[in-house]
Q: 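A single structure is presented below for examination.
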Amino acid sequence: MADSRIRSFEDFVKVHAILLAASGIPNSLHLQLFRKLSSDVFDAGSFFRIEPCHSGTARSLVLTSEYMQKESCLFLVDHAWTFRLTDAPKHLQEAPGLVERMASIMCADIDLNPEPEEEVDGSSSLHISNAEEILETEIQKANEKGNGIVRWIELEDLDLDDNKLVSLDLCNKFPDLYALSLRGNKLHDKEIIIQLVTKFKNLRALWLNDNPVLQKDKRDLEEAIIHGCPRLEVLNSHFTDNYGEWALGFCGDIYDKANPGTDCPSDRTLEGITSLDLSSRGIHNLAHKLFSHTEMPHLSHLNLRENPLEQTSCHQLLSILSYFTELQTIEVDIPGPLGANAWEILESLPNISTLNGVDASKIIEARKQTVESMLQPRLPEWTAEDSLVVRVLNAMWLYLLTYRLADDEKLDETSVWYMMDELGSALRHSDVPNFRVAPFLYMPDGNLESAVSFSILWPIQDVYKGSECTRDFLFGIGEDKQRSARLTAWFHTPESYFMQEYQNYCRNLGSKLSSSYHGSYPVKSLSLFNGSPLRVYTDIPQVEEFLTRPEFSIISEPAEADIIWTCMQIDDETKNLAGITNDQHINQFPFEACLVMKHHLAETVQKVYGHCGWFQTTYNLETDLSSMIGDYFIRKKDGLDNLWILKPWNMARTIDTTVTDDLSAIIRLMETGPKICQKYIEHPALFKGRKFDLRYIVLVRSIRPLEIFLCDVFWARLSNNPYSLDKLSFFEYETHFTVMNYGRKLNHMNTPEFVKEFEAEHQVKWLDIHQRIIKMIRMLFEAAAVVQPDMHNQKSRAIYGLDVMLDSSFQPKLLEVTYCPDCMRACKYDTEAIMTDGRIVYGRDFFNTVFGCLFLNENSGVTQL
């Protein structure tokens, strides 16, 4: 075998030519990509820094190098987790360390950091010794300065308990203290802390963050400290109502440990501030005499994010900010106190050049579109009772990316989902991104078997030090593909808009075409048999094997056949190539896609009947995503169940079908191909605790007049696991799906046995259920005749498989309609799985009955509807 390993850049380009073109990586970076891939160079850590944001519930990526030119370099980003969706819980439960790493990347574990373990064997003396050493060092530094006054002490993460803190005698040693940090210790006693702290009459800042006392007595403790420390301006990282020059100077990098301030600050102390970070300071009102352009005339950057600023002060605050003539950059919550959207803020503050990291001119240009980066992000949600696995499964849709590998043997392979590593996952979204990310499969041996997946990161704009690095989560997707609605997967988009879209959708459904079938045509004899055997051409092995009636003969040339029964789609090109004429009978109706493609099936039912009791609420996500989101929001608001099932338009065997109650998951799953989103039957009728559906075979002999027949035997298909609504069960195929032919244990029953046991278990009469199913099937084909009148063709015959489920009230629900050839192929299993009831069995008798009914006017074993 020839050695196909990649040894040179030319080899690399030759093997990866299609991948390189698809990735969008600039040609100028291909050589650099080859060198990094071939040498495993992961050097992004030298250029970027990961920073926490949104109080630690998310992360951002910041450039640390001085400057990075557009398309000047690229970086390899590793994949931390790659999986198929159904395997996700198993991976998280079984792979060592995986769930912990994923929870960390997704910030889904921030409340699970354990308290430091109690120390034994006298080891705590080490911490008290460290605390004393810190104090001695501070005294020594103060003496070296000549005044002997210590104003700033940090005793953080030293495991100090209440008794140890008292023993340090801080009040007597440091009476002039301005700032005291006791973060991350073991302080429990509120009274001891109040008694100690309130002796510092000049204290400006106190940090007790991450101490147990705040978990039970936070409010009372803070009120007592503020009352006892009249000059306190910062408490537990938040501004007090007494904040002023010191607090603003601290956030403006004027005051710190090296320069804690004086009792008599200069009148122009704040004049030198150019950047002021007031994010997450608990500020309710900024109408303060020191927060003004006269005190800070050179202020150019201001961060006001995550403060409970009072909405009533909006106009006052905007007025104050408008006087800061050098203010160029601002960060603020949107919607928030400065306005409901970015445009309002920029109109009020025309001097602003950058808003929340986005160039103001870009925002103005995009005014008619959604400015995605201005929306509030969705953050991981969980309850204290949720396991780490459940937390990750909830949060992962904010981070996942996907690709699909397909070859000639696996054209229907399910998609692969993956998580980028810590660095890649810190890239947040922007509508005007400065970086782009693309997946890439590197094949060092020149074949798919050796492929290793990476993501490639490169700058698409000039980027400067300190800038946040962003990517477009919906790269290449515009409003023609519902971009604004799809952003709901990551951002809190306006719920009222989507609710209105849902209401409009419902109104449109109310204006249906027809409520019943109005065809009135005489029934004609449709028998073709005139004494000579009818010649049948087929490419379906089961037909050739089992069709043994003397009225039919199998031939090998389609041009000579009376009947063509094929799994191919017969179009004009196929007819010309095979010599097929319009006089031959074919097992296809024109426009039958109105039934057998899931999105068209929904349209057919909805156009005629609107909301229909026997057909679950269904949305075509390619066209009706906004309405679906509105429905989801309304159901959530009303406290209704919100479990949905997503199905590809035209895939069988439940491939790429997902059950979920996660709105972000619903939207993200659109990325793996066109889908419908259908309300899941959360409470189905069960058979011995298991979910089941029923496959009915319907024979259609004519659309005008409507002549349909129902095979008297149906196929009861049961799931293998007991039914459950546990969140982890949504990933279990054998709990929520019933098609078990393909490599799984068959769990089927013959018709009489199933009916007998079902009636006994539920105390119902099957005949009543059967009549409701017959009515539903008749209504379905009447709807098809109304929506697609051109479906009629005198030379067409067909069989369809209808999958039916019963809800807990034993009302039938139509799930889908299957193509005729698929029904035929499925019958190869039936001779082993289904027993006879004395009238018709699948297999040989099935095919003879079907052809007899469709072409000879014989109805044995079927019921005309």
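Side chains are part of it too, since the values below use all heavy atoms of this structure and drop only hydrogens, waters and symmetry mates.
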Q: Less than 4.5 Å apart, side chain to side chain, heavy atoms only: is that true for E306 and C53?
A: no

Q: Classify the angle between the aromatic ring planes of Y723 and H736 as parallel (below 30°), tilted (30 to 60°) or perpendicular (above 60°).
A: perpendicular

Q: Has H599 got a side-chain atom pairing as donor or acceptor with K675's backbone, closer than 3.5 angstrom?
A: no

Q: For the pair S23 (side chain) and I25 (backbone), establish whether a donor and an acceptor sit closer than 3.5 Å, ignoring hydrogens and angles.
A: yes

Q: Less than 4.5 Å apart, side chain to side chain, heavy atoms only: is that true for R471 and S430?
A: no

Q: Less than 3.5 Å apart, any donor N or O on the side chain of R183 or S237 sitting next to an acceptor on the other?
A: yes

Q: Determine, step by step, whether R59 and E51 satisfy the salt bridge (charged side-chain N to carboxylate O under 4.0 Å, His left out) criterion, reporting the C-alpha distance in whole Å, the side-chain angles of both residues, the deciding distance to 0.1 Å, and the verdict.
A: CA-CA 5 Å; R59 294 189 177 95; E51 293 186 349; over 6 Å; no

Q: If you measure from the Lys or Arg side-chain nitrogens to the Asp or Glu carboxylate oxygens, is any gap between K679 and E682 under 4.0 Å?
A: yes

Q: In terms of ring plane angle, is the pair W417 and W397 parallel, tilted or perpendicular, where the classes change at 30° and 60°?
A: perpendicular

Q: Inspect the contact between D109 and R101 and indicate whether a charged nitrogen and a carboxylate oxygen are less than 4.0 angstrom apart.
A: no

Q: Using atom types as modelled and distance alone, determine if a side-chain donor or acceptor of Q376 lies under 3.5 Å from a backbone N or O of D333.
A: no

Q: Mind running salt bridge (charged side-chain N to carboxylate O under 4.0 Å, His left out) on R695 and D803 for me, showing each step along the way?
A: CA-CA 5 Å; R695 164 63 65 87; D803 294 341; 2.5 Å; yes

Q: Roughly how far, to the nearest 0.5 Å, is CD of E381 from CG of L379?
A: 8.0 Å

Q: Begin with the C-alpha distance, continue with both residues' side-chain angles, and end with the deciding distance and a verdict on side-chain hydrogen bond (donor to acceptor under 3.5 Å, both in side chains) for K813 and Q616.
A: CA-CA 7 Å; K813 304 282 187 176; Q616 290 290 93; 3.2 Å; yes

Q: Apply salt bridge (charged side-chain N to carboxylate O under 4.0 Å, His left out) to the pair D210 and K186, showing each step before the final yes or no.
A: CA-CA 8 Å; D210 302 321; K186 296 182 177 180; over 6 Å; no

Q: How many angstroms lie between CG in L423 and CG in L76, if you round to the nearest 0.5 Å?
A: 11.5 Å

Q: Consider only side-chain N and O atoms of T493 and T488, and report whether a donor and an acceptor are under 3.5 Å apart.
A: yes

Q: Does atom CZ (F475) have a neighbourhood of more than 12 heavy atoms from anything else shown, all under 6.0 Å?
A: no

Q: Could you check F440 against H16 for ring pair (Phe, Tyr, Trp, His ring centres under 6.0 Å), going step by step and ending with a plain yes or no?
A: CA-CA 9 Å; F440 192 83; H16 298 87; 5.5 Å; yes

Q: Is any side-chain heavy atom of T470 less than 4.5 Å from a side-chain heavy atom of V432?
A: no

Q: Between K637 and E495, does any NZ, NE, NH1 or NH2 come within less than 4.0 Å of an OD or OE carboxylate oxygen?
A: no

Q: Quick one: does L669's side chain get under 4.5 Å of L85's, heavy atoms only?
A: yes

Q: Mark yes or no for whether R49, through its side chain, and T64, through its backbone, hold a donor-acceptor pair below 3.5 Å.
A: no

Q: Is there a side chain to side chain contact (heavy atoms under 4.5 Å, CB included) between R428 and E468 once you walk through the steps?
A: CA-CA 9 Å; R428 296 198 295 172; E468 181 177 354; 2.7 Å; yes

Q: Could you walk me through whether Y418 and Y403 pass ring pair (Phe, Tyr, Trp, His ring centres under 6.0 Å), step by step?
A: CA-CA 8 Å; Y418 65 95; Y403 61 83; 5.6 Å; yes

Q: S425 side chain to D421 main-chain N or O, any donor-acceptor pair under 3.5 Å?
A: yes

Q: Could you tell me whether a side-chain N or O of N211 sits under 3.5 Å from a main-chain N or O of N185, the two making a donor and an acceptor?
A: yes

Q: Side chains of E734 and N720 only: does a donor on one sit below 3.5 Å from an acceptor on the other?
A: yes

Q: Under 3.5 Å, is there a donor-acceptor pair linking the side chains of S46 and D43?
A: no

Q: Is a side-chain donor-acceptor pair under 3.5 Å present for D656 with T672?
A: yes

Q: Side chains of N721 and E732: closer than 4.5 Å at any heavy-atom pair?
A: yes

Q: Fit a plane to each ring of W490 and F473, take the angle between them on a 0 to 90° scale, and name the class: parallel (under 30°), tilted (30 to 60°) or perpendicular (over 60°).
A: tilted

Q: Begin from the C-alpha positions of Y680 and D641 and carry the test side chain to side chain contact (heavy atoms under 4.5 Å, CB included) through to its verdict.
A: CA-CA 9 Å; Y680 193 62; D641 57 67; over 6 Å; no

Q: What residue among F435, W458, F75 forms ring-ring contact (aromatic ring centres under 6.0 Å, His included) with F47?
A: F75

Q: Quick one, W644 and R635 - any side-chain contact, counting heavy atoms below 4.5 Å?
A: yes

Q: Has the side chain of N434 got a donor or acceptor atom that lies under 3.5 Å from a matching backbone atom of Q461?
A: no

Q: Using modelled atom types and a 3.5 Å cut-off, is there a donor and acceptor pairing between side-chain atoms of R717 and backbone atoms of D693?
A: no

Q: Keeping T402 on the side-chain end and V416 on the backbone end, is there a donor-acceptor pair under 3.5 Å?
A: yes

Q: If you round to the nearest 0.5 Å, how far is CD1 of I50 from SG of C469?
A: 11.0 Å

Q: If the threshold is 4.0 Å, N to carboxylate O, is there a salt bridge linking D386 and R391?
A: no

Q: Give the C-alpha distance, both sets of side-chain angles, the deciding distance and a yes or no for side-chain hydrogen bond (donor to acceptor under 3.5 Å, both in side chains) between H79 and S455.
A: CA-CA 7 Å; H79 291 174; S455 287; 2.8 Å; yes

Q: Side chains of K727 and N394: donor-acceptor distance under 3.5 Å anywhere?
A: yes

Q: T617 and Y619: side chain to side chain contact (heavy atoms under 4.5 Å, CB included), yes or no, with the steps?
A: CA-CA 7 Å; T617 299; Y619 298 96; 3.5 Å; yes

Q: Is it true that a side-chain atom of S467 and a backbone atom of V463 form a donor plus acceptor pair closer than 3.5 Å?
A: no

Q: Check the pair M670 / E622 against side chain to side chain contact (heavy atoms under 4.5 Å, CB included), numbers first and verdict last.
A: CA-CA 8 Å; M670 293 173 63; E622 295 299 301; 4.0 Å; yes

Q: Restricting to non-hydrogen atoms, name the atom on L441 and the atom on S453 that form the minimum distance, rounded to 0.1 Å.
A: CD2-CB, 3.6 Å

Q: If you look at every heavy atom in K218 and L214, which pair is closest and at what distance?
A: CB-O, 3.1 Å

Q: How close do S724 and T735 get, counting heavy atoms only, and between which atoms?
A: N-CG2, 3.9 Å

Q: Report, as yes or no, whether the 6.0 Å neighbourhood of atom CD on Q93 holds more than 12 heavy atoms from other residues, nucleotides or ligands.
A: yes

Q: If you round to the nearest 0.5 Å, how far is OG1 of T657 from CG of L646?
A: 8.5 Å

Q: Using the salt bridge (charged side-chain N to carboxylate O under 4.0 Å, His left out) rule, take D445 and R5 through it: C-alpha gap first, then chi angles, then the decisive distance, then the call.
A: CA-CA 4 Å; D445 293 342; R5 284 180 295 175; 5.1 Å; no

Q: Given side chains that start at C-beta, do those of I681 and L815 come closer than 4.5 Å, heavy atoms only?
A: yes

Q: With side chains defined as the heavy atoms from C-beta onward, is the minimum distance between R378 and S664 less than 4.5 Å?
A: yes

